Asker: 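One structure coming up, written as structure tokens, with questions to follow.
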Amino acid sequence: MAMLTIGAFAKASRLSPKALRLYDELDLLRPARVDPDTGYRYYAAAQLERARLVAWLRRLGMPLAEIRRVCLLHDRDPSAAAREIRASWARVEAETAVRRDLAAFLVDHLTTGPDGPGKDTAMLELRYSAHSDTGRVRPANQDTAYAGARLLAVADGFGPAGAPASSAAVKALRVLDTDEVPAGGVLDILEDAVRGAEQAVRDVADGSDDVGTTLTALLWTGSRLALVHIGDSRAYLLRDGELFLITHDHTMVQSMVDEGRLTPEEAASHPERALLLKALTGGSPTAPDLRLHDARPGDRYLLCSDGLSGVVPDTRVRQLLASPASPDETVRALVEAANTAGGPDNVSCVVADVVESAVGAGV
């Protein structure tokens with residue numbers, strides 16, 4: 001069997017001798033032979049494929065623990081390794097999107113000052129409505145919907161104490177509806193409030209993973225909306241007639257879509273489409289999605305539980321949101337659409353319009 005010195009193997013694989021020694025110590029890429037007298041490492045030409053794979057994955061920025069998992073999968077099933085790489089990259093893109101939003105906010109915040117953009121002096125406010133319904137099938141309502149001058153929230157509870165769990169999560173956030181929130185610290189404030197909601201749910205669940213709730217909320221700063229999201233309730237934005245989903249479902253089927261293992265159409269009818277990967281429960285802490293959205297006059301936001309999004313197509317949701325009806329009329333029309341579609345689950349909706357305030361209009 002042809003053997004390559006560590007120097008020749010490093011050159012062929014584009015890995016440094018230092019990296020090869022590290023990967024040997026980590027049992028990631030063992031040499032084919034080590035000289036018992038000199039300790040010099042030799043590699044087989046057949047090991048180049050594994051070495052190049054490691055080099056490529058390192059260039060992607062993949063952690064060593066994940067690289068080891070990909071390599072083990074590659075030895076058994078290259079297609080499984082490919083799916084693992086796709087899933088890893090999907091996680092990187094999701095994390096990058098959150099950091100990109102925060103970076104854009106910081107650039108804007110530092111450029112224009114803490115009081116908001118200097119070019120637009122219009123004062124904005126929210127007009128809002130919330131409505132929750134048991135639906136046509138479930139015996140009780142485990143959803144909680146809330147809308148106030150600063151806070152909009154939807155929580156979808158599950159398990160034996162699902163209703164108290166969703167109520168406790170929203171109640172923990174409602175303290176934010178009374179105080180003016182500075183735009184610069186809103187994400188920290190919201191994250192702290194979610195930790196309080198998590199503890200409140202843990203108290204209700206009494207340590208059980210079978211009890212918990214989703215949570216999707218928007219916190220108004222006067223010019224921006226800060227979003228927190230855990231689970232499969234959703235937030236949508238209607239802007240200039242176009243509907244945008246601004247949350248990402250934390251479900252098993254959505255992760256399979258992200259990895260290319262399911263199409264969105266297959267996911268919609270998958271038997272485990274309600275299986276959550278993230279939620280507030282009595283178990284271990286969960287990292288929420290956090291991001292910021294600049295508000296514009298004319299924007300309309302929708303927060304809803306999956307009792308709406310699971311049965312009413314986005315085209316119909318957009319149609320109802322785009323109507324000139326008031327937020328109160330719109331939430332009731334959305335709930336009615338879900339019930340007309342069979343109402344298989346509790347359904348909750350919050351609709352909020354961003355408008356120029358009467359005070360600001362007179363300035």
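Since the model is a prediction, treat every value here as computed from it, not as a measurement. In this chain, numbering begins with 1 at the start of the sequence shown.
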Asker: Under 4.5 Å between any side-chain heavy atoms of L276 and F158, yes or no?
Answerer: yes
Asker: Of the options V201, T144, V204, which is the one that meets P164 in a side chain to side chain contact (heavy atoms under 4.5 Å, CB included)?
Answerer: V204
Asker: Can you spot which of S167, S132, S305 makes a side-chain hydrogen bond (donor to acceptor under 3.5 Å, both in side chains) with D143?
Answerer: S305
Asker: Just do the side chain to side chain contact (heavy atoms under 4.5 Å, CB included) check on L187 and E191 with the steps written out, would you?
Answerer: CA-CA 6 Å; L187 288 181; E191 186 170 23; over 6 Å; no
Asker: With distance as the sole criterion, is a donor-acceptor pair present between the side chains of D77 and S79 under 3.5 Å?
Answerer: yes
Asker: Rounded to the nearest 0.5 Å, what's the gap from CG on L334 to CG on N339? Could you check?
Answerer: 11.5 Å
Asker: Kindly indicate whether the side chain of R21, heavy atoms from C-beta on, has any atom under 4.5 Å from the side chain of R41.
Answerer: yes
Asker: Over all heavy atoms of both residues, which pair between G157 and S166 is shortest? Give the atoms and the distance, please.
Answerer: N-CB, 3.7 Å
Asker: Do you know the tightest heavy-atom contact between L73 and A80?
Answerer: CD1-O, 3.9 Å
Asker: Mind checking the CZ-OH spacing from R174 to Y146? Nearest 0.5 Å is all I need.
Answerer: 4.5 Å
Asker: Rounded at 0.5 Å granularity, tell me how far OG1 in T247 sits from CD1 in I230.
Answerer: 12.5 Å
Asker: For the atom pair CG (L215) and OG (S233), what is the distance rounded to the nearest 0.5 Å?
Answerer: 8.0 Å
Asker: Report yes if some heavy atom in the side chain of Y43 is under 4.5 Å from a heavy atom in the side chain of P31; otherwise report no.
Answerer: yes
Asker: Start with the C-alpha gap between L238 and L302, add the side-chain angles, then the distance that decides, and say whether side chain to side chain contact (heavy atoms under 4.5 Å, CB included) holds.
Answerer: CA-CA 8 Å; L238 183 77; L302 165 67; over 6 Å; no
Asker: What distance separates H250 NE2 from T286 OG1, expressed to the nearest 0.5 Å?
Answerer: 9.5 Å
Asker: Counting heavy atoms not belonging to R33, are there more than 12 under 6.0 Å from its CZ?
Answerer: yes
Asker: Side-chain contact, heavy-atom cut-off 4.5 Å: V54 with C71?
Answerer: yes
Asker: Is there a side-chain contact between L4 and Q47, using heavy atoms and a 4.5 Å cut-off?
Answerer: no
Asker: Within the side chain of R318, is there an N or O that forms a donor-acceptor pair under 3.5 Å with the backbone of G241?
Answerer: yes
Asker: Are V70 and Y23 connected in a single hydrophobic cluster, I mean Ile/Leu/Val/Met/Phe/Trp/Tyr linked by side-chain heavy atoms less than 4.5 Å apart?
Answerer: yes
Asker: Are V347 and C304 side-chain neighbours, meaning at least one heavy-atom pair lies under 4.5 Å?
Answerer: no
Asker: Provide the closest heavy-atom pair for V317 versus L243 in the form atom of the first, atom of the second, distance.
Answerer: CG1-CD2, 4.1 Å
Asker: How far apart are the C-alpha atoms of F9 and L15, what are their side-chain angles, what is the distance that settles it, and do they pass the side chain to side chain contact (heavy atoms under 4.5 Å, CB included) test?
Answerer: CA-CA 8 Å; F9 191 78; L15 290 169; 5.7 Å; no
Asker: For the residue pair E336 / T340, report whether a side-chain donor-acceptor contact shorter than 3.5 Å exists.
Answerer: yes
Asker: Going only through I, L, V, M, F, W and Y residues with side-chain contacts under 4.5 Å, is there a path from M62 to L20?
Answerer: yes
Asker: Hey, could you give me the CG/OG1 distance between D353 and T330, rounded to the nearest 0.5 Å?
Answerer: 7.0 Å
Asker: Treat each ILVMFWY residue as a node, draw an edge where side-chain heavy atoms are under 4.5 Å apart, and state whether I189 and L280 are in one component.
Answerer: yes
Asker: For D240, does the CG atom sit with more than 12 other heavy atoms under 6.0 Å from it, leaving out its own atoms?
Answerer: no
Asker: Any carboxylate oxygen within less than 4.0 angstrom of a Lys/Arg side-chain nitrogen, looking at R150 and D177?
Answerer: no
Asker: Are V311 and V351 joined in one hydrophobic group, where the rule is that I, L, V, M, F, W and Y side chains link up if heavy atoms are under 4.5 Å apart?
Answerer: yes
Asker: Where do R50 and D75 land on the side chain to side chain contact (heavy atoms under 4.5 Å, CB included) test, with the steps shown first?
Answerer: CA-CA 9 Å; R50 163 70 71 89; D75 292 341; 2.5 Å; yes
Asker: Per the side-chain hydrogen bond (donor to acceptor under 3.5 Å, both in side chains) rule, which among D289, T214, T216 passes with H229?
Answerer: T216
Asker: Inspect the contact between D328 and R332 and indicate whether a charged nitrogen and a carboxylate oxygen are less than 4.0 angstrom apart.
Answerer: yes
Asker: Please find the pair of heavy atoms, one from L308 and one from A338, that lie closest to each other, and give the distance.
Answerer: CD1-CB, 4.1 Å
Asker: More than 12 non-hydrogen atoms from neighbouring residues, nucleotides or ligands closer than 6.0 Å to CZ on R86, yes or no?
Answerer: yes
Asker: Is there side-chain contact between H74 and E49, with at least one heavy-atom pair below 4.5 Å?
Answerer: yes
Asker: Are L64 and W89 linked, directly or through intermediate hydrophobic residues, by side-chain heavy-atom contacts shorter than 4.5 Å (ILVMFWY only)?
Answerer: yes
Asker: Without swapping roles, check the side chain of D345 against the backbone of R138 for a donor-acceptor pair under 3.5 Å.
Answerer: no
Asker: Using a strict 4.0 Å threshold on nitrogen-to-oxygen distance, state whether D27 and R68 make a salt bridge.
Answerer: no
Asker: Looking at side-chain heavy atoms only, is the closest gap between S129 and E329 below 4.5 Å?
Answerer: no
Asker: List the atom of A130, the atom of V350, and the distance in Å for their closest heavy-atom pair.
Answerer: CB-CG2, 3.7 Å
Asker: Establish, from distance only, whether the side-chain atoms of R234 and Y236 form a donor-acceptor pair under 3.5 Å.
Answerer: yes
Asker: Where is the tightest heavy-atom contact between A287 and K278, given as atom of each residue plus distance?
Answerer: O-NZ, 2.8 Å
